[in-house]
Q: 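This is the structure I want to talk about, given as structure tokens.
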Amino acid sequence: MFKFLDDLTSGLLQKFPAAAAPAGWRVSAERCPENMAGELTVNAFKFARIIKVAPDQAAAATAEILAAHPDVAAVETVKAFVNVTLKSGALFRDTLSDVPGLFAAGRTASPRRYLIEYSAPNTNKPQHLGHVRNNTLGMSVASMLKRVGNEVIQVNLVNDRGIHICKSMIAYQRFGNAVTPESVGKKGDHLVGDFYVKYNAALSEELAEMRAGHPEWTEKSDEELFLETGIGRAAQQMLQDWEAGKPEVIELWKMMNGWVFDGFAETYRTMGIEFDRTYLESQTYLLGKDIVKQGLDSGAFTRRDDGAVVCDLGPKLGVKVLLRADGTSVYITQDLGTTLKKYADYQPDSMIWVVGDEQIWHFQVLFALLKKLGCAWADKLHHLAYGMVNLPTGRMKSREGTVVDADNLFEEMTELALAACRERNTDGIADDELLARARVIAMGALKFMLLKFNPKTTIMFDPAASIRFEGDTGPYVQYACARIGSILRKAGDPDTSGADWSLLETAEEKNLALWAAFYSAVLEQAAERLDCSGLVEYLLNVAKAFNQFYRECPVLSDGVPPELRKARLALAKSVRALLEDGLHTLTIDVPDAM
RNA sequence: GCUCCGGUAGCUCAGCGGAUAGAGCAGCUGCCUUCUAAGCAGUUGGUCGUGGGUUCAAUUCCCGCCCGGGGUACCA
């Protein structure tokens with residue numbers, strides 16, 4: 001970053017030998033507020049204590065050192081804020097003229113191996129907007145952690161067994177007429193989802209009939225009556241047959257799951273997701289049992305009078321059951337098993353789960369259990385909890401048909417983006433090229449929208465308002481890149497080496513350099529918080545700064561001196577590199593033109 | 001009840017110890033024979049839920065209260 005800050009730091013430490021600065025301490029600067037004279041601000045309130053003087057003395061010393069610094073053009077002190085204006089040459093030297101340096105600054109000094117699990121769909125229905133948020137958060141956090149220099153292993157854990165899967169299978173047996181995705185021309189996960197809906201409709205019907213015939217049952221919940229229904233018992237029986245390995249059930253299960261996996265593969269391809277490994281719950285759901293035995297042996301867990309195995313996690317988390325009295329395992333038992341398996345498979349330094357915030361409690365318990373089992377790495381586990389996606393009409397509910405389907409949403413947004421493309425420059429552009437462009441824009445808009453929110457906030461998705469390509473959106477940033485691409489194409493992809501950056505002296509040009517200076521800090525914070533929303537915000541600001549530059553500073557127009565043109569071309573190139581790097585970090589593509 | 005998350009402009013959200021609280025959308029006003037108007041400029045709009053406390057400094061930290069959502073399973 002800025003050389004003057006290094007010099008200021010050493011200057012202060014020399015001047016105040018009594019200073020108690022932590023190792024590696026360095027004075028930092030922030031953007032100066034718009035209405036103040038200055039580009040950067042050094043806040044002396046923040047480090048006055050470190051150098052052990054009063055804030056106004058710290059500020060005075062700072063101003064004195066900076067006034068004599070060759071990079072500094074002007075200094076102004078307000079209270080303990082020291083506002084600095086840099087000389088053009090120094091400003092660009094430390095920022096946009098050195099893109100590799102800018103990018104390298106964002107890399108971590110201590111790379112780690114992360115294992116991140118996300119998506120985790122069920123194979124009884126297609127993915128919806130909630131999954132899209134999960135997928136987007138997972139892939140972007142993974143990408144961002146890689147971008148700052150870590151090794152990242154991305155895994156999926158597919159819930160491919162259980163009563164909900166059997167429901168789709170029962171409905172297929174009863175109402176399926178042996179259809180296949182090919183025979184009806186439907187994506188496999190959608191076809192299976194249809195049967196899941198059919199099952200629930202048939203169940204509701206049967207429940208209604210039963211309640212009509214048994215007035216004493218009207219008060220009971222659907223869950224309580226589930227096993228009283230024929231179709232409920234059928235699903236239960238099928239689950240038992242599945243666990244017993246009954247051939248015709250396994251065969252049906254394999255066939256229908258195969259359809260769903262094909263469908264998911266397409267959804268993931270559209271989003272640009274590639275998992276390093278996909279774990280299947282059907283292969284992991286029994287894993288936890290021997291760990292429970294080990295826990296009993298070590299005394300971490302205890303056996304209750306009725307035979308159930310439990311663990312007392314203290315006053316806050318309470319007593320957790322790990323094995324029922326009948327010896328069957330519960331959700332957390334499986335999760336213990338898969339967690340240990342993932343650890344054994346990859347030995348990560350840290351594991352991340354991208355899972356909805358309704359499971360915060362579950363993960364607290366899981367982590368506590370792992371500690372109890374003596375896993376030294378248990379304090380390096382992180383539940384990346386994210387909020388629901390709600391619609392203006394309320395929560396999304398599969399049963400009530402109020403979900404926004406992922407594939408349909410991609411399709412709809414692509415259509416809208418395509419229409420927007422057609423309104424613009426379509427001269428001589430082939431249809432498939434236009435479609436490819438629309439896809440990049442649509443997916444960019446969607447991912448950017450989802451990442452703009454802090455993960456933990458509950459999102460309100462209003463299709464009418466949320467599907468936008470203007471304003472604070474992904475396409476806004478992509479558009480800035482496209483404008484730069486256009487300039488560079490018109491200039492014949494010029495060689496800009498040796499450009500004289502000190503010729504760039506307008507407020508718009510300097511503003512871009514000032515924004516660029518903070519890229520590494522933005523990445524660092526995103527990685528630390530496992531939250532890309534700061535990067536999203538940042539890219540909007542850089543794109544905005546570029547659009548202002550675009551308006552105010554002609555590059556190719558007649559009357560721009562050749563040397564200035566070259567410098568501005570170099571600037572544009574660097575800005576595009578920055579924006580592209582940022583978007584790619586968010587797993588968003590950049591179209592050549594828009 | 002206990003617990004977690006949220007309450008900031010008409011709407012959707014940033015800011016989370018620092019200088020006069022921001023953005024986008026919506027509304028109003030301008031700017032396309034000039035490198036792509038998916039753009040730019042201007043403008044309207046706020047007792048940062050509320051009452052205390054800590055601090056040189058609080059939207060930001062602590063405590064109480066009010067409102068909304070999640071969790072509180074031997075479901076996943």
Side-chain angles (χ1 to χ4, degrees), chain A residues 30 32-36 41 43-46 48 54-56 78-81 83 120 122 159 162-164 223 281 304 306 308-310 316-326 328-335 355-362 364 385 387-388 390 392 395 417 420-421 423-425 441 445 449 452-454 456-462 465-466 468-480 482-491 533-534 536-537 540-541 543-544 546-560 565 568-569 572 593-594:
Chain A
E30 301 153 37
C32 195
E34 298 243 346
N35 36 18
M36 314 290 288
T41 296
N43 183 346
F45 281 114
K46 283 195 169 163
D56 58 334
V78 180
K79 293 194 253 180
F81 297 102
N83 299 329
N122 294 318
N159 302 303
I163 190 80
H164 51 298
E223 287 70 28
E281 199 188 296
R304 210 168 51 184
D306 64 359
V309 176
V310 300
K316 199 173 167 226
L317 295 173
V319 174
K320 183 72 192 170
V321 170
L322 297 156
L323 226 49
R324 298 185 187 98
D326 65 5
T328 55
S329 58
V330 296
Y331 176 44
I332 202 143
T333 321
Q334 292 177 39
D335 243 11
V355 176
D357 59 9
E358 71 276 6
Q359 294 201 36
I360 287 174
W361 179 260
H362 168 79
Q364 282 181 358
M388 301 272 114
N390 288 341
R395 289 182 69 161
C421 285
E423 284 171 22
R424 290 159 234 270
N425 323 301
I441 293 164
M449 185 274 292
K452 196 169 172 303
F453 300 91
N454 174 324
K456 70 182 174 187
T457 74
T458 304
I459 292 185
M460 168 67 79
F461 181 83
D462 179 355
S466 300
R468 290 188 298 114
F469 303 114
E470 287 158 27
D472 259 347
T473 64
Y476 178 89
V477 182
Q478 291 172 325
Y479 185 63
R483 281 180 145 181
I484 295 170
S486 176
I487 291 175
L488 294 174
R489 267 193 305 278
K490 288 203 164 141
S533 59
V536 168
E537 194 71 27
L540 285 168
N541 282 315
K544 178 168 196 157
F546 177 78
N547 281 327
Q548 290 166 334
F549 161 81
Y550 185 87
R551 176 75 175 189
E552 297 299 324
C553 305
V555 181
L556 304 178
S557 308
D558 294 340
V560 178
R565 167 186 296 203
R568 285 182 172 167
L569 283 168
M594 288 173 74

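Reminder, nothing fancy here: chain letters follow the sequence lines and each chain counts from 1. All heavy atoms count here, side chains included; hydrogens, waters and symmetry mates do not.
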Q: Between A/A417 and A/I487, which residue's closest nucleotide on RNA chain B lies nearer the 5′ terminus?
A: A/I487
Q: Apply the side-chain contact (heavy atoms from CB on, under 4.5 Å) test between A/V555 and each candidate in A/L488, A/L569, A/I484, A/V560; give the one that qualifies.
A: A/L569
Q: For A/V330, report the nucleic acid contact type (base, sugar-phosphate, nothing); a contact means any heavy atom under 4.0 Å.
A: sugar-phosphate
Q: In this structure, how many angstroms lie between the C1' atom of B/rG24 and the CG atom of A/L540, rounded?
A: 9 Å
Q: Using a heavy-atom cut-off of 4.0 Å across all strands, would you classify A/Q478 as base, sugar-phosphate, or nothing?
A: nothing
Q: What does A/D326 touch in the nucleic acid at a heavy-atom separation under 4.0 angstrom: a base, only the sugar-phosphate, or nothing?
A: nothing
Q: So, is A/K452 near the phosphate of B/rG24, with a side-chain N or O under 4.0 Å from OP1 or OP2?
A: no
Q: Between A/Q359 and B/rA76, does any side-chain N or O lie under 4.0 Å from OP1 or OP2?
A: no
Q: Expected output check: what is the dot-bracket annotation of RNA chain B, where ( ) and [ ] are pairs inside the strand (brackets for crossing ones), | is paired with another strand, and pairs are Watson-Crick or G-U under 3.5 Å?
A: (((((((..((((....[...)))).(((((.......))))).....(((((..]....))))))))))))....
Q: So, OP1 or OP2 of B/rG69: does either fall under 4.0 Å of a side-chain N or O from A/T458?
A: no
Q: If I take atom NZ in residue A/K46 and atom P in nucleotide B/rG17, what distance separates them, rounded to the nearest angstrom?
A: 8 Å
Q: Enter syn or anti for the glycosidic conformation of B/rC32, syn applying to angles within 90° of 0.
A: syn
Q: How is A/D335 classified with respect to the nucleic acid when contacts are heavy atoms under 4.0 Å: base, sugar-phosphate, or nothing?
A: nothing
Q: With respect to the side chain of A/Q548, which nucleotide from B/rA41, B/rU36, B/rG18 is positioned closest?
A: B/rA41
Q: Round to the nearest Å and state the distance from A/M460 atom CE to B/rC11 atom C1'.
A: 10 Å
Q: Using a 4.0 Å heavy-atom cut-off across all strands, classify A/M388 as base, sugar-phosphate, or nothing.
A: nothing
Q: Would you classify A/A482 as touching base, sugar-phosphate or nothing, given that sugar-phosphate means primed atoms plus P, OP1 and OP2, and contacts are heavy atoms under 4.0 Å?
A: base
Q: I'd like the P distance from B/rU33 over to B/rA19, given in whole Å.
A: 43 Å
Q: Let me know the distance between CD of A/E30 and P of B/rG15, rounded to the nearest Å.
A: 15 Å
Q: If you measure only the distance, is there a donor-acceptor pair under 3.5 Å linking the side chains of A/D335 and A/H362?
A: yes
Q: Does the aromatic ring of A/Y479 sit over the six-membered base ring of B/rG39, closer than 5.5 Å centre to centre and tilted less than 30°?
A: no
Q: By nearest atom, which of the nucleotides B/rA14, B/rC5, B/rC4 is closest to the A/E537 side chain?
A: B/rA14
Q: Does the pair A/I332 and A/L322 meet the rule for a side chain to side chain contact (heavy atoms under 4.5 Å, CB included), with working shown?
A: CA-CA 7 Å; A/I332 202 143; A/L322 297 156; 3.8 Å; yes
Q: Examine the base of B/rA14 for any acceptor or donor lying under 3.5 Å from a partner atom in the side chain of A/S533, and report the outcome as yes or no.
A: no
Q: Between A/N547 and A/Y479, is any side-chain donor less than 3.5 angstrom from a side-chain acceptor?
A: no
Q: Are any of A/K490's side-chain N or O atoms less than 4.0 Å away from OP1 or OP2 of B/rU36?
A: yes
Q: So what does A/D56 hit on the nucleic acid, given a heavy-atom distance under 4.0 Å: a base, only sugar-phosphate, or nothing?
A: nothing
Q: Using ring centroids (six-membered ring only for Trp), state whether A/F549 and A/F546 fall under 6.0 Å.
A: yes
Q: Only one of A/V309, A/L323, A/V321 forms a side-chain contact (heavy atoms from CB on, under 4.5 Å) with A/S329, so which one is it?
A: A/L323
Q: Verify, without hydrogens or angle tests, whether A/S466 (side chain) and A/D462 (backbone) share a donor-acceptor contact under 3.5 angstrom.
A: yes
Q: Provide, to the nearest angstrom, the distance between the CD atom belonging to A/E281 and the C1' atom belonging to B/rA76.
A: 8 Å
Q: What interatomic distance, in whole Å, is found between C1' of B/rA76 and the corresponding atom of B/rA57?
A: 49 Å
Q: Considering only B/rC35, B/rG18, B/rG70, which nucleotide approaches the side chain of A/E358 most closely?
A: B/rG70
Q: Regarding A/F81, tell me which of base, sugar-phosphate or nothing describes its non-hydrogen contacts under 4.0 Å with the strands shown.
A: base
Q: Quick check: on RNA chain B, is the nucleotide nearest A/P55 upstream (toward 5') of the one nearest A/N43, or the reverse? Name the residue that is more 5'.
A: A/N43
Q: Using the P atom on both, measure B/rG6 against B/rC63 and round to a whole Å.
A: 14 Å
Q: Say we look at B/rA21 and B/rU59: how far apart would their P atoms be, to the nearest angstrom?
A: 10 Å
Q: Within the structure shown, what part of the strands sits under 4.0 Å from A/A80 by heavy-atom distance: base, sugar-phosphate, or nothing?
A: nothing
Q: Taking the C1' atom in each of B/rG70 and B/rA37, what is the distance between them to the nearest angstrom?
A: 44 Å
Q: Rounded to the nearest Å, what distance is computed from the CE atom of residue A/M594 to the C1' atom of nucleotide B/rC35?
A: 17 Å
Q: Just to verify, what does A/E358 make a salt bridge (charged side-chain N to carboxylate O under 4.0 Å, His left out) with, not counting sequence neighbours?
A: none
Q: Stacking between A/Y550 and B/rG39, defined as ring centres under 5.5 angstrom apart with planes under 30°, is that present or not?
A: no
Q: Rounding to the closest angstrom, what is the interatomic distance between B/rC62 and B/rG7 at atom P?
A: 14 Å
Q: Taking atom P of B/rC13 as reference, at what distance in whole Å does atom CG of A/D462 sit?
A: 11 Å
Q: A/K544 side chain: which of B/rG39, B/rA23, B/rC35 is closest?
A: B/rA23
Q: Looking only at side-chain N and O atoms, does A/R395 come under 4.0 Å of OP1 or OP2 in B/rG70?
A: yes
Q: Rounded to the nearest angstrom, tell me the gap between atom NZ in A/K316 and atom P in B/rG71.
A: 17 Å
Q: At less than 4.0 Å, is any side-chain N or O atom of A/K79 found next to OP1 or OP2 of B/rA57? Yes or no.
A: no
Q: When you measure from the side chain of A/T457, which nucleotide among B/rC35, B/rA23, B/rA14 comes out closest?
A: B/rA14
Q: May I ask you to evaluate whether A/N547 reaches the phosphate of B/rC40, defined as a side-chain N or O under 4.0 Å from OP1 or OP2?
A: yes
Q: For the C1' atoms, the ones on B/rA26 and on B/rU12, what distance do you get once it is rounded to whole angstrom?
A: 11 Å
Q: Between A/M594 and A/F469, is any pair of side-chain heavy atoms under 4.5 Å apart?
A: no
Q: Work out how far the C1' atom of B/rC5 is from that of B/rU43, and round it to whole angstrom.
A: 37 Å
Q: So, OP1 or OP2 of B/rU12: does either fall under 4.0 Å of a side-chain N or O from A/R468?
A: no
Q: Fit a plane to each ring of A/F81 and A/F45, take the angle between them on a 0 to 90° scale, and name the class: parallel (under 30°), tilted (30 to 60°) or perpendicular (over 60°).
A: perpendicular
